[in-house]
Amino acid sequence: MGKEIKRILYGGDYNPNQWPKEVWKEDMRIFKDARINSATINVFSWAKIQPSEETYDFSELDEIIEMLNKEDYDIVLATSTGALPAWMARKYPEVERVDYEGRRHKFGQRHNACPNSEVFRKYSVALAAKLAERYASNPHVKCWHVSNEYGGTCYCENCEKAFRIWLRKKYGTLDAVNKAWNTEFWGHTFYDWEEIVAPNSLSEGLWDERSAFAGLSIDYKRFNSDSMLQNYMDERDAIRKYDKEAVITTNLMGTYKELDYFKWAKEMDIVSWDNYPAYNTPWSLTAMRHDLMRGLKNAPFMLMEQTPSQQNWQPYNSLKRPGQMRAQSWQTVAHGADTIQFFQLRRSRGACEKFHGAVISHAGTEDTRVFREVQELGKELEALSGLIPGSRNESKAGIIFDWDNYWGLEYTSGPSIDLRYEDQIHSYYEYFYDKNIPVDMIPVDADFSRYQIIVAPVLYMVKEDMKESLEKFVREGGILVTTYMSGIVDQSDNVYLGGYPGPLREMAGLWVEEIDALAPEQKNGVTMDGTHYSCNLVCERMHLEGAESLGVYEEDFYAGEPAAARNRFGKGRVYYIGTQLEKAGKAHILKMALEEAGVESLIPEETGLEVICRQQGEKKLYFVMNFKDEEQKLPAVFAGRKDLLKGTDLTEETVLKKYDVCLIEK
Amino acid sequence: MGKEIKRILYGGDYNPNQWPKEVWKEDMRIFKDARINSATINVFSWAKIQPSEETYDFSELDEIIEMLNKEDYDIVLATSTGALPAWMARKYPEVERVDYEGRRHKFGQRHNACPNSEVFRKYSVALAAKLAERYASNPHVKCWHVSNEYGGTCYCENCEKAFRIWLRKKYGTLDAVNKAWNTEFWGHTFYDWEEIVAPNSLSEGLWDERSAFAGLSIDYKRFNSDSMLQNYMDERDAIRKYDKEAVITTNLMGTYKELDYFKWAKEMDIVSWDNYPAYNTPWSLTAMRHDLMRGLKNAPFMLMEQTPSQQNWQPYNSLKRPGQMRAQSWQTVAHGADTIQFFQLRRSRGACEKFHGAVISHAGTEDTRVFREVQELGKELEALSGLIPGSRNESKAGIIFDWDNYWGLEYTSGPSIDLRYEDQIHSYYEYFYDKNIPVDMIPVDADFSRYQIIVAPVLYMVKEDMKESLEKFVREGGILVTTYMSGIVDQSDNVYLGGYPGPLREMAGLWVEEIDALAPEQKNGVTMDGTHYSCNLVCERMHLEGAESLGVYEEDFYAGEPAAARNRFGKGRVYYIGTQLEKAGKAHILKMALEEAGVESLIPEETGLEVICRQQGEKKLYFVMNFKDEEQKLPAVFAGRKDLLKGTDLTEETVLKKYDVCLIEK
Amino acid sequence: MGKEIKRILYGGDYNPNQWPKEVWKEDMRIFKDARINSATINVFSWAKIQPSEETYDFSELDEIIEMLNKEDYDIVLATSTGALPAWMARKYPEVERVDYEGRRHKFGQRHNACPNSEVFRKYSVALAAKLAERYASNPHVKCWHVSNEYGGTCYCENCEKAFRIWLRKKYGTLDAVNKAWNTEFWGHTFYDWEEIVAPNSLSEGLWDERSAFAGLSIDYKRFNSDSMLQNYMDERDAIRKYDKEAVITTNLMGTYKELDYFKWAKEMDIVSWDNYPAYNTPWSLTAMRHDLMRGLKNAPFMLMEQTPSQQNWQPYNSLKRPGQMRAQSWQTVAHGADTIQFFQLRRSRGACEKFHGAVISHAGTEDTRVFREVQELGKELEALSGLIPGSRNESKAGIIFDWDNYWGLEYTSGPSIDLRYEDQIHSYYEYFYDKNIPVDMIPVDADFSRYQIIVAPVLYMVKEDMKESLEKFVREGGILVTTYMSGIVDQSDNVYLGGYPGPLREMAGLWVEEIDALAPEQKNGVTMDGTHYSCNLVCERMHLEGAESLGVYEEDFYAGEPAAARNRFGKGRVYYIGTQLEKAGKAHILKMALEEAGVESLIPEETGLEVICRQQGEKKLYFVMNFKDEEQKLPAVFAGRKDLLKGTDLTEETVLKKYDVCLIEK
């Protein structure tokens, strides 16, 4: 393709429109120094490009693109539809959303368009089309960036109407809807489509986050995600009419709850995302989010945004320490990114992100620590640009992540409000991270045959075909690890009758009779192979039906009963963990399961370092990073190799300080 | 009467309408095994029975009742008006409530009807009438259950209008209203009835729970309680037209704040209630709520709902431990219940209560711990059915509980936000519980002459005639115990001038000059008879006017001043406690007062067991229960008797483990 | 002037309208006993004086004034416009406000008028005019009190329209508005004035307190403050037409955030304010608020309200301890008050302030501790009335307090949510308080030449001319102390480019490259002159450009870098503190700066006592007060003098207990 991206994109959001022209020139000079080769532009310019309903004005954008062309930038061109222009909000109040509290919003902020507003849909698509028509032929425009960080939910009457149409398409009849949502409960039977309303705090919303009818509310989440996805697809199609070559994406947000990214990814040419860890986010969680983003298409992705320094919207926005941005960037590449892009290239003067870090600070000079670190990384990326693209992460282990389960588990009232989906998944991911075992974050409809072990924590909702595909996987020799709160409901949040874990019962070889919930001040213990491990949150009381116990509860009336078990099923095995074990307890079982699956760490020894491998055919690139406070010895297996970043020889004595990174070819 | 209930009802909420017919048959078989003899049906079926404004369809209900008839069930027939049908909400949006934030709700959840909507009133009464017309002649229909768990508040314009009418009826003139609410303060004088609006957060609501005009807000609570009571009475009357025999009730909720249950009980044939303690609710609080429910009509009551196992809507829904449900049930009977009914008989498949426990779990079998415990209890109740009904709890001590005081105390701004009515009452009730002294929870207009001692904590509001009736009680020899924050205001929340505790001042023989509020980190101490007791929350500075001091403050500028006192008045005595004493401090005074009143424990010795007596003539039934973690020795007084439950002989060595129960006739 | 106030006003809010006439007479008798000579009346009587749109009725007010005339009171006559009458709210719903959540309020509470409602404006001014017309000629009416405690914000459509007019007046063109608010960010460019909406939670509001466009939101605060100020001015002008002599004021509220009191004070004849410390408010913070109120006009002020005993609207309303009200009152006088007025003279019977303390309690007698303390103070004030008025506080040190900075700092998103303006200012004020160094709270446009040292903590926003005036001050020999988060933005919240602290960079002689934010669990340390001081919140990384380091960071990657510095500039010096030092650390630097400035404590020795001086020519009055729990020795410098309050001779052995006060002439 004429628009292939041939290098690691290095750059980020660039808003010269906020600055006088004399600054633009200075920008170009400084960016070049930092080896910046790419800019994401036009992210929030709707009001400027379309100053009124009838008028479009591309003159400034033309100038910006012209300048970037000259400097040989790869341009990521946004469609600007992530924030409404004020004139539209005034003229057509329906373009603004109605919130969870039932309030119609007025003009303000961003992420503010009702996805089912016909006015918004008409003008957003028109804008995307006009941009594509004008700039598609520009060979520098390598990537289209539709809208920005899609998110939020609208509960307006237009959405209500669209929801009814969506339901009609999905269910066909009202009878089917009533059955799916179990509306016989509390006598909520619908006799007319018009009776169905959006589930916000004025209708089915319970407390802050629960719902009286989870089936309805989950469908609304699906609908809302689909509505915004339709917005994306409409713009994408409008662009594609003019540009057959450039990739089209939108920037996602990791484990963001509201949108089913696995469904979205199917419509995106490449996944891109914005990585904003807080000062105390575990590095393993950031790693998991990268793996999830890679997993969306099982392919390398773009890092669309990160801050070179601090953020502004966290409660406490600490500076990235020297080397931290570099280490974070290499971690990103290690997990599958082919670009490093910042928000943003020049720090804003005013409005709410003015304290958000940027390549060029308010001081306006290159003489800053942050700039020097950006520049240093730019040089490294430039030097290694030939090595990264084309390589991939490979793994024999998969962890299931599923938005329907995310929604279902967190809408459900009982048994414990402390069951949070992302936390649960991360607490199992952590083991793979600590042991440097490559793992993919996979959807429920992944090709399981690619894996030797699949971990499916809190697989609360087992949708159609999942029972069959999981059984097939295990029957053919796979190892499945699952936990408490699994196999409970179908896709509509109706319980599988006949005993938990429902469709997983046969392959797990056990029946869960009761699920106890422990308050935060309570705990129990589990003895496994003579060792005590504490547990909390939920304790399931299970009866083995063929499975063998892996450990028993230590206390309470179910002391002595199995707390975890495993079951042979076909050629494979299912591990079932009935309570939230402390970290060492989870490790105890996962080690066993991984050994049985024959899945190993990338390196033979234990280490506090993070080690990740990207490979291209026989060529393996190892990224070795220290995110611990203490310095760590380089694993012996890398002794005698060269660090491709610094060019130094690595020995058995080599030590990595905090945030040190080595890149090793093997 | 042809519809007398002759046995202990054992059963609960049953929703076969949520299940296919093949399940019904299985239900009947399993319930019989558990000795279930009763079902509460039709609780949430409005939408099914009246699928449109013009249509009624009783075919399914006919079938259900037919089936229960055959199995000789006592049927509790609900009227289904506890949740609106969707078609009504769509067609008549006015049937939905306006909430405290001023927002009109849309269709959703339950407890959702505006009590003053003419549409709701018309159709709810019509439904009750149609049900009664159809089923009154059925001898199995032993009890009518109107609506379900009445509760909540509406602030819509219809309610505003009805409120004005209610006020006009109560006060006659606007002048009287202005005076009652002291509207001269802040110049809130009303000159036209139409100027009065509902006191939500858009008008007089302060912060979350206080009010700028407590008098107005208390009246609104009275009005709202009356409005729902009118709904109840309207349905009741419609039923009574057709059914002259069956008892009519609605299920109450213990110390639920919003409804004045003493007023409601006057309109109910029998009190029924739903008992849902959390995992950490003190057993004494549950006991108090039972006594309150018994006290509403001073008569045995129905336990309409409890869970056989866990709940779903608490933050942490722990399992009931083995024996716990049984012990809780016997505690319920001991305190006056003649029925044990569960929510529910079969666990729902979907919607927000699917994790709420039931007699038949999602597994659908009898082979569960919970079922076996239900069955065991069923057998016990069946065996003792002849012994319980007809017996009553007797007491010489009463504790005043009053909804006007509940509202008044918690609306008032100052002196401390930590003054919570239920907590306060419970902290005094606890002593009676710990000492196994039978006590009634009584209204302010009870026949005091039945008691030798009356405890009236935080008797903040002293309404008309109370001064006289309390003085009469004491003058004739009664012992009255009251506390800080008593005698402050009249029924309209206007302060009694002339010195606290206002109308109680003369009989208490003291004047409270000042009420100090202590922040949570602060405390003081009181020395009584040489012993130190800590105190906190409020410290009143009092001057004795004839009373004798029972103890003095230890610290602060009022060190040495009396903290509690007692006063002879006529033939009786008034004890006044001026500060929140620690438990042992309260016990110090209550012991003294009870001794003076000649009121004793049911048993001569101290014990960690709960002991309750129900009697019928000379026949006394003692319920002995262990709710402590540690095992407890049976009191010597019961040695040589038989445990009617297990049939075992009781000796001086008999020991009760946690949740053990003995039933002893003496 | 015929209406000069010749004595210390002693009295307070008096609402005889809430009481029957027989109480009035009793009031007069009791007040006389307490030496009360003044009453603030008619604060909430709009509904009574204007019972309908067409009718006015002054008969009761006439009687009240007549009575006070007879008793020779100085009358503070309020205009009653602080709470709307109900009839107006009903007839003209627009007079009620729309709140931050976008909800139109109904009748209720107070502070409830939309300041831009034409109806409210018409009738409030008419009322003020009528009152003035009627009572201006009364020589006892010495002071007009407009409305009451102006506050709150309205977001209704009338305000939106008025805001657009305000903006047009301020900016002239929309282009200028767009530039000021940096609307190019997020594409918020306005093309029509009508597109601008009020910034509440339905538009630009972020979370609870932040804003997406701080420039817009700060302007709305200015507009709202101006709107209410216009209300004040309208009433004032209406009064002035009839009364040329009496002073006109309204009661302010210390550091209340919503109104720019420096701007208001320019329109007020005298500042008055209401002082309501909570039980745990530091005495230094109360002192600061007094100094701020004095600083508004750089003149003595009125204490319009304080409670003689407890409050009612705090979470915990403790009693004032014996002597506490007296000590608090003398502190108030010491800091510049010429009056002591209470809220209120007789405690209300009903509504939300009934538990608010008063001179006459609900007991209705003089026989209370509180009354006796009020009486004792009355006698003291009467005795010293000749000494106080006319004297002034003098100071050579100023601390800048600025509402634009208040708003700007707290609207801004990043770097830390814990940056609270009042806390920050107080943490520097505290040093002056502890050391008994007189200090003025000054506006940014004060005449700096009056001071030798100016402290400007978190001088986040540097508005027009401030750079010049501060540079002039330092250049001519002044000492300026400033801190982190200073010199960041201009008056529209746009960052000064070129490096922090922007306009202060040159005079501070340093450049702040980065601002690190520390989470609450994090800290760093600073070594100054060999001593370690801890620090937290923010740590700025600075480069010295001529300044000399005063101390260096101890930890983290900026260990060894300067944490504070000072720079010679002209004849003066600028101290810059880059991190939030612990108290001793701030003291270390402030001591140095004050010594350099030649500004000293009022007394040569260290003491736990508060010492304040008011002077008139050569006559100096020292107020010596003990607010510590421990008793304190009288400073030696006062030995040999007389305590004017008690008439006792002071010696080197004199000791002050908690809340003791001495007044000494020297």
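Letters A, B, ... are given to chains in the order of the sequence lines, protein chains preceding strands, and every chain is numbered from 1.
- Under a cut-off of 6.0 angstrom, the local environment of NZ in C/Lys463 is crowded, with over 12 non-hydrogen atoms contributed by other residues, nucleotides or ligands.
- Chain A forms the most heavy-atom pairs under 4.5 Å with one residue out of C/Thr189, C/Leu518, C/Asp556, C/Val489, and that residue is C/Asp556.
- Residues C/Tyr558 and A/Arg321 have side chains in contact (heavy-atom distance under 4.5 Å, counting atoms from C-beta outward).
- Classified by interplanar angle (parallel below 30°, tilted 30° to 60°, perpendicular above 60°), the ring pair C/Tyr500/A/His362 is perpendicular.
- Around atom CD of A/Glu157, no more than 12 heavy atoms belonging to other residues, nucleotides or ligands sit under 6.0 Å away.
- With a 4.5 Å cut-off on non-hydrogen atoms, A/Ile49 does not touch chain C at all.
- The candidate with the highest count of non-hydrogen atom pairs below 4.5 Å against chain A, out of C/Pro520, C/Ala214, C/Ser211, is C/Pro520.
- Sparse packing is recorded around NZ of C/Lys179, with 12 or fewer heavy atoms of other residues, nucleotides or ligands lying under 6.0 Å away.
- One distance of note links NE2 of A/His111 with CH2 of C/Trp186; it measures 7.0 Å at 0.5 Å rounding.
- Between chain C and the residues A/Thr368, A/Asn280, A/Val370, A/Leu319, the largest count of heavy-atom pairs under 4.5 Å involves A/Leu319.
- In terms of the ring-ring contact (aromatic ring centres under 6.0 Å, His included) criterion, residue partners of C/His188 (sequence neighbours excluded) are, by chain and number, A/Phe107, C/Phe213.
- Contact tally against chain C (heavy-atom pairs below 4.5 Å) for A/His356, A/Lys91, A/Arg103: the top residue is A/Arg103.
- Interface residue A/Lys48: backbone and side-chain heavy atoms are both found under 4.5 Å from chain C.
- The candidate from C/His543, C/Arg210, C/Arg541 with the greatest count of non-hydrogen atom pairs under 4.5 Å with chain A is C/Arg541.
- Heavy-atom distances place both the backbone and the side chain of C/Asp493 under 4.5 Å from chain A.
- Both the backbone and the side chain of A/Asp367 have a heavy atom closer than 4.5 Å to some heavy atom of chain C.
- The pair A/Arg369-C/Glu514 meets the salt-bridge criterion, since a charged nitrogen lies less than 4.0 angstrom from a carboxylate oxygen.
- Within a 6.0 Å radius of NZ in A/Lys657, other residues, nucleotides and ligands contribute 12 heavy atoms or fewer.
- Between C/Glu160 and A/Lys106 there is a salt bridge, since at least one side-chain N of the basic residue sits less than 4.0 Å from a carboxylate O of the acidic one.
- Closest non-hydrogen pair, A/Phe355 versus C/Gly414, comes out as CD1-O, 3.4 Å.
- By number of non-hydrogen pairs under 4.5 angstrom with chain A, the leading residue of C/Ile515, C/Val512, C/Asp192, C/Asp490 is C/Ile515.
- Taking A/Tyr279, A/Trp313, A/Trp46 one by one and counting their heavy-atom pairs under 4.5 Å with chain C, the maximum is reached by A/Tyr279.
- When heavy atoms are compared at a cutoff of 4.5 Å, C/Glu101 approaches chain A by way of both its backbone and its side chain.
- The candidate from C/Cys539, C/Ser203, C/Gly187, C/Ala180 with the greatest count of non-hydrogen atom pairs under 4.5 Å with chain A is C/Ser203.
- Using a 4.5 Å cut-off between heavy atoms, C/Leu537 makes no contact with chain A at all.
- The parts of C/Glu194 that come within reach of chain A are both its backbone and its side chain, each placing non-hydrogen atoms under 4.5 angstrom from that chain.
- Side-chain contact between A/Trp19 and C/Leu497 is present, with at least one heavy-atom pair separated by less than 4.5 Å.
- Proximity to chain A (any heavy atom under 4.5 Å) is shown, for C/Ser416, by both the backbone and the side chain.
- Few gaps surround CD on C/Glu545; more than 12 heavy atoms of other groups in view lie less than 6.0 Å from it.
- Both the backbone and the side chain of C/Phe185 have a heavy atom closer than 4.5 Å to some heavy atom of chain A.
- In this structure, C/Leu202 CG and A/Arg97 CZ are separated by 14.0 Å, a value rounded to the nearest 0.5 Å.
- The greatest number of non-hydrogen atom pairs below 4.5 Å with chain A, out of C/Gly102, C/Pro199, C/Ser201, is found for C/Ser201.
- When each of A/Pro315, A/Ser318, A/Gly364 is checked for heavy-atom pairs under 4.5 Å with chain C, A/Pro315 comes out on top.
- The shortest heavy-atom contact between C/Leu206 and A/Cys352 is CD1-CB, 4.1 Å.
- Looking only at heavy-atom pairs under 4.5 Å with chain C, the residue among A/Gly357, A/Ser80, A/Ala351 that has the most is A/Ala351.
- Smallest separation of non-hydrogen atoms from C/Pro415 and A/Gln310: CB-NE2, 4.3 Å.
- The contact between A/Asn17 and chain C is made by backbone and side chain atoms together, counting heavy-atom distances below 4.5 Å.
- When every heavy atom of C/Glu195 is checked against every heavy atom of A/Ala86, the shortest pair comes out as OE1-CB, 3.5 Å.
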